[in-house]
Undergrad: 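Take this structure, written in C-alpha cells, and hold onto it; I'll ask about it next.
When reading the values below, keep in mind they use all heavy atoms of this one structure, side chains included, and skip hydrogens, waters and symmetry mates.
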Amino acid sequence: MHLFTRSRRMQPATVTEALQLTVQITEHVRSVTGTEVNAWGTVLSPALGTVVWSLWVERLADLIAAN
C-alpha cells in the first residue's frame with residue numbers, strides 16, 4: 001500500500017476562493033481517474049491556507065495508471 005500526497009499553500013488573502021477551487025479540483029480528479037482522492041487543509045494555525053491532496057494505492061502501477 002502506498003500513500004501519494006501533494007500540497008500547496010494558498011495566498012492568505014484568497015483562502016476562501018482557493019478552498020472552493022480545491023473542492024472543484026478534487027472532484028474533477030476523482031471523476032477523471034476513478035480513484036478516491038481526498039483533500040484536507042489546516043485552519044486556525046500559522047499554516048492557514050495549506051491544502052494537501054492524498055491518495056492510497058495498492059500498487060505503484062495503479063498510481064501510474066491514474067496519472
Undergrad: Connecting only ILVMFWY residues whose side-chain heavy atoms lie within less than 4.5 Å of each other, what is the rest of Val52's hydrophobic cluster?
TA: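 Besides Val52, the hydrophobic cluster comprises Trp40, listed by chain and residue number.
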Undergrad: Roughly how far apart are Leu63 CG and Thr33 OG1, rounded to 0.5 Å?
TA: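 The CG atom of Leu63 sits 10.0 Å away from the OG1 atom of Thr33.
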Undergrad: Is it the case that over 12 heavy atoms from other parts of the model lie below 6.0 angstrom from the NE2 atom of His2?
TA: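 Correct, the count exceeds 12.
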Undergrad: Do Val57 and Thr35 come close enough that some side-chain heavy atom pair is under 4.5 Å?
TA: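 No, side chains not in contact.
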Undergrad: Can you tell me how far apart CG (Leu55) and CD (Glu36) are? Round to the nearest 0.5 Å.
TA: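 One finds 9.0 Å between CG of Leu55 and CD of Glu36.
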Undergrad: Could you tell me which non-hydrogen atom of Met10 sits nearest to which non-hydrogen atom of Ala18, and how far apart they are?
TA: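 Nearest heavy atoms, Met10 then Ala18: CG-CB, 3.4 Å.
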Undergrad: State whether the number of non-hydrogen atoms from other residues, nucleotides or ligands found under 6.0 Å of Arg8 atom CZ is greater than 12.
TA: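 Incorrect, the count does not exceed 12.
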Undergrad: Given a cutoff of under 4.5 Å between side-chain heavy atoms of I, L, V, M, F, W and Y, with clusters grown through shared members, what are the other residues clustered with Trp56?
TA: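 Its cluster mates, by chain and number, are Met1, Leu3.
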Undergrad: Can you check whether Asp62 reaches Arg59 side chain to side chain, under 4.5 Å on heavy atoms?
TA: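 They are in contact (side-chain heavy atoms under 4.5 Å apart), so the answer is yes.
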Undergrad: Using atom types as modelled and distance alone, determine if a side-chain donor or acceptor of Arg30 lies under 3.5 Å from a backbone N or O of Val37.
TA: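 Indeed, once roles are kept as given, a pair shorter than 3.5 Å links the two residues.
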Undergrad: To check you understand the geometry: which heavy-atom pair defines the closest contact between Ala13 and Glu17, and what is its length?
TA: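 Minimum heavy-atom contact is O-OE1, 4.2 Å.
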Undergrad: Quick one: pull up OG1 in Thr16 and CG in Leu21 and give me the separation to the nearest 0.5 Å.
TA: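 One gets 12.5 Å once the value is rounded to the nearest 0.5 Å.
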